[in-house]
2 protein chains.
Amino acid sequence: MMAQQNDKGESGAGRLHRRMLDAVGEAIASGRYEPGYRLTLDALQREFGVSRTVARDTMRVLETMNLVTSRRRVGIVVQDPAQWNVYDPQLVRWRLTSPRRDEQYASLTELRIAVEPLAAAGAARRASATQRIELTRLAADLRRLGESGDLDAFLDADIAFHRLILSSSGNEMFAALEGMVAEVLTSRTRQGRMPFHPRDEALDAHERAAAAIARGDANDAEASAREILHEVRGALNLS
Amino acid sequence: MMAQQNDKGESGAGRLHRRMLDAVGEAIASGRYEPGYRLTLDALQREFGVSRTVARDTMRVLETMNLVTSRRRVGIVVQDPAQWNVYDPQLVRWRLTSPRRDEQYASLTELRIAVEPLAAAGAARRASATQRIELTRLAADLRRLGESGDLDAFLDADIAFHRLILSSSGNEMFAALEGMVAEVLTSRTRQGRMPFHPRDEALDAHERAAAAIARGDANDAEASAREILHEVRGALNLS
DNA sequence: CTCCCTCAAAGATAGCACCATTGCGTGGGA
DNA sequence: TCCCACGCAATGGTGCTATCTTTGAGGGAG
């Protein structure tokens with residue numbers, strides 16, 4: 001009867017609950033809604049001009065990410081960051097586009113340093129034949145693109161290289177970090193945060209890692225991956 | 001008209017959507033609903049005797065975990081495991097109580113091996129004074145309980161020890177793995193999967209790690225943590 | 001006769017409004 | 001001080017409309 005004043009009129013059309021989710025999620029992730037801040041469904045549906053259904057769905061999703069808890073009579077309470085489900089890719093994205101992006105970047109980089117060497121070792125043991133070949137090809141591409149100076153193409157190849165190591169590691173927990181690594185690498189280049197001129201050592205290490213994985217040498221693969229990440233280490237204020 | 005035959009009658013009362021979530025989530029995680037299997041809201045609300053609202057909420061949550069996608073006209077489709085949000089603690093739990101628990105256990109253990117050494121190094125740099133003291137105390141407890149043979153108490157202390165390292169690492173991505181580590185350690189003991197008689201080397205390594213963290217020696221902390229995890233490595237069929 | 005294109009109907013989610021129930025925190029009264 | 005009633009806010013339910021998109025039927029062209 002007098003329902004839809006908003007869904008078709010908006011550019012986004014469908015997925016209007018996605019817009020609300022992004023808005024609220026980003027607000028919490030960025031700290032604009034502090035821990036302890038109380039929301040109510042009523043306020044939310046008025047603020048976003050949506051129905052109770054959509055507001056409820058949205059809050060339910062944020063609840064499973066542990067961004068909020070909802071209790072009767074008290075409302076929807078923003079939780080302490082320590083409780084958050086920080087591996088949720090959506091939350092990672094929100095945090096990477098917020099003022100606190102630097103913390104997030106540092107944490108993710110440290111996680112990369114932890115995971116990628118073992119992922120490389122796993123790949124050396126468990127990658128398929130085609131994955132090994134593809135990895136070798138990508139290492140060669142990296143060499144070529146690095147020397148040609150095409151940073152965008154280099155970034156793409158670099159992402160593909162690291163993704164492939166993770167996904168062929170045979171460990172789905174590692175593979176699930178694909179998107180995170182892509183995000184971090186992209187962010188690194190885009191921001192010039194880590195002045196980016198691929199050094200010979202790095203290119204060598206990529207090739208050595210690819211070769212080690214190709215011939216199934218887990219130890220060397222792990223060591224080479226560690227070397228790849230060595231320069232990254234400098235970006236964090238540790239060691 | 002024929003609505004609530006179940007919510008009050010059940011012991012759980014409130015959170016009836018939690019029960020449905022667990023049921024469907026566990027079914028998907030265990031592979032009982034294979035990738036590509038199509039659910040519909042109608043079928044779900046009939047199967048679980050819930051209303052559309054609850055069914056929708058539930059599916060929305062599963063959707064943000066990437067366990068399913070819901071497309072118009074086609075229904076709700078179970079996604080490929082590669083897409084799953086495997087770091088969601090809820091999903092971890094479902095997978096650990098499913099027939100495929102062994103894969104999950106192996107993956108998580110490998111992740112521990114990757115993360116804990118770096119977490120220990122981080123703790124050596126960034127732990128608070130009280131955390132360092134507590135860690136030393138826990139290491140001593142472990143020695144005592146290990147020698148006394150009280151496996152349950154040992155498990156509790158072991159969990160506390162590893163949790164504390166993760167949470168004092170200063171990296172919230174590491175800290176978020178607390179629950180996972182607790183789950184893995186518990187599972188290890190409960191199943192006798194890894195025959196558990198704390199060896200002297202392990203107890204020594206725990207004490208060395210605690211001492212290294214206490215005095216801020218990141219390198220030694222990392223090495224000691226690696227040593228702690230060394231015996232765990234044998235449980236996986238790698239290296 | 002067959003193939004392809006178009007278009008309409010069907011089936012399913014997306015979303016809305018409104019309603020009853022249930023916890024539970026707070027403040028007023030004994 | 002303690003207890004209880006009141007009201008707020010979430011939980012869960014019902015029925016409806018809008019919209020999308022798949023699928024299949026029908027018709028025209030080769």
Side-chain angles (χ1 to χ4, degrees), chain A residues 1-24 28 33 36-79, chain B residues 1-24 28 33 36-79:
Chain A
M1 37 208 69
M2 52 85 179
Q4 60 285 30
Q5 74 282 20
N6 42 13
D7 56 352
K8 198 54 178 298
E10 293 288 338
S11 57
R15 304 336 224 195
L16 102 158
H17 132 292
R18 183 57 56 117
R19 289 195 310 114
M20 178 176 180
L21 185 62
D22 273 342
V24 182
I28 296 175
Y33 291 157
Y37 184 85
R38 292 172 16 164
L39 307 153
T40 77
L41 286 182
D42 272 332
L44 287 170
Q45 60 180 311
R46 246 175 293 118
E47 178 169 350
F48 290 92
V50 297
S51 78
R52 203 164 196 79
T53 315
V54 174
R56 260 167 53 86
D57 278 2
T58 305
M59 290 305 109
R60 193 79 84 187
V61 169
L62 292 178
E63 206 181 348
T64 65
M65 294 196 227
N66 272 322
L67 286 189
V68 301
T69 46
S70 109
R71 295 206 327 269
R72 279 191 159 142
R73 160 69 209 185
V74 60
I76 293 153
V77 185
V78 177
Q79 284 223 303
Chain B
M1 39 199 69
M2 51 85 181
Q4 59 281 37
Q5 73 282 20
N6 40 14
D7 57 352
K8 197 53 177 301
E10 293 288 338
S11 56
R15 310 319 230 200
L16 101 159
H17 127 290
R18 184 57 58 116
R19 289 196 310 115
M20 180 177 178
L21 186 62
D22 273 342
V24 181
I28 296 176
Y33 291 158
Y37 185 86
R38 291 172 18 165
L39 306 152
T40 76
L41 286 182
D42 266 336
L44 287 169
Q45 60 180 310
R46 246 175 294 120
E47 178 169 351
F48 290 93
V50 296
S51 78
R52 201 163 202 79
T53 316
V54 175
R56 262 164 53 89
D57 278 4
T58 306
M59 289 305 110
R60 191 79 81 188
V61 169
L62 292 178
E63 206 181 346
T64 66
M65 294 199 231
N66 271 324
L67 287 189
V68 301
T69 47
S70 111
R71 296 203 324 268
R72 278 191 160 147
R73 161 69 203 182
V74 62
I76 293 154
V77 185
V78 177
Q79 284 224 305

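Chain letters run A, B, ... following the sequence lines, proteins first and then strands; every chain starts at 1. What you see is a predicted model, and the numbers here were worked out from it, not measured in a lab. What's counted below: heavy atoms across the whole structure, side chains too, no hydrogens, waters or symmetry copies.
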Practice problem: Kindly point out which of dT13(C), dT21(C), dA17(C) is positioned nearest to the side chain of S51(A)? | Solution: dA17(C)
Exercise. Report the residue (T40(B) or R73(A)) whose heavy-atom-nearest nucleotide on DNA chain C is the more 5′ of the two.
Key: T40(B)
Practice problem: Remember a base hit wins even if backbone is also touched, and classify T53(B) as base, sugar-phosphate or nothing at under 4.0 Å, heavy atoms. | Solution: base
Exercise. Tell me which nucleotide among dT21(C), dC20(D), dG15(C) gets nearest to the side chain of R72(A).
Key: dT21(C)
Self-check item: OG1-CD1 distance between T40(A) and I76(A), expressed to the nearest 0.5 angstrom
Solution: 7.0 Å
Quiz prompt | Atom pair distance, as rounded to whole Å: CZ in R52(A) and P in dC16(C) | solution = 13 Å
Practice problem: Select one nucleotide: of dT13(C), dT11(D), dG23(C), the one nearest the side-chain heavy atoms of I76(B). | Solution: dT13(C)
Exercise. Using atom CZ of R38(B) as one end and atom P of dT13(C) as the other, report the distance to the nearest whole Å.
Key: 10 Å
Self-check item: By side chain to side chain donor-acceptor pair (under 3.5 Å) - contacts of R46(A) (at least two apart)
Solution: none
Practice problem: Take the protein atom CG of L41(A) and the nucleotide atom P of dC16(C), then report the distance between them rounded to whole Å. | Solution: 13 Å
Exercise. Kindly say if R60(A) contacts the phosphate of dG12(D), meaning a side-chain N or O under 4.0 Å from OP1 or OP2.
Key: yes
Quiz item: Is there side-chain contact between H17(A) and V50(A), with at least one heavy-atom pair below 4.5 Å?
Solution: no
Practice problem: Please state how far atom CD in E63(A) lies from atom P in dA10(D), giving the value in whole angstrom units. | Solution: 11 Å
Quiz item: For dT11(D), does OP1 or OP2 lie under 4.0 Å from any side-chain N or O of R19(B)?
Solution: no
Exercise. Consider the side chain of V50(A), meaning its heavy atoms from C-beta on, and name the nucleotide among dT11(D), dT22(D), dC16(C) that approaches it most closely.
Key: dC16(C)
Practice problem: Could you tell me the separation between the CG atom of D42(A) and the C1' atom of dG7(D), rounded to a whole number of Å? | Solution: 14 Å
Quiz prompt | Atom pair distance, as rounded to whole Å: CZ in R18(A) and C1' in dG15(C) | solution = 16 Å
Exercise. Please state how far atom CG in D57(A) lies from atom C1' in dC16(C), giving the value in whole angstrom units.
Key: 12 Å
Quiz prompt | Residue pair V61(A) / D57(A), side-chain heavy-atom distance below 4.5 Å | solution = no
Exercise. Quick one: label R71(A) by what it contacts on the DNA or RNA (base, sugar-phosphate, nothing), any heavy atom closer than 4.0 Å.
Key: sugar-phosphate
Exercise. Please tell me which of the listed nucleotides, dT23(D), dT11(D), dG15(C), lies nearest to the side chain of V54(A)?
Key: dG15(C)
Exercise. Answer with base, sugar-phosphate or nothing: what part of the nucleic acid does S70(B) contact at a heavy-atom distance below 4.0 Å?
Key: sugar-phosphate
Quiz prompt | Partner residues of D22(A) under the side chain to side chain donor-acceptor pair (under 3.5 Å) criterion, sequence neighbours left out | solution = W94(A)
Practice problem: Figure out the CD/P separation between Q45(A) and dA17(C), and round it to whole Å. | Solution: 8 Å
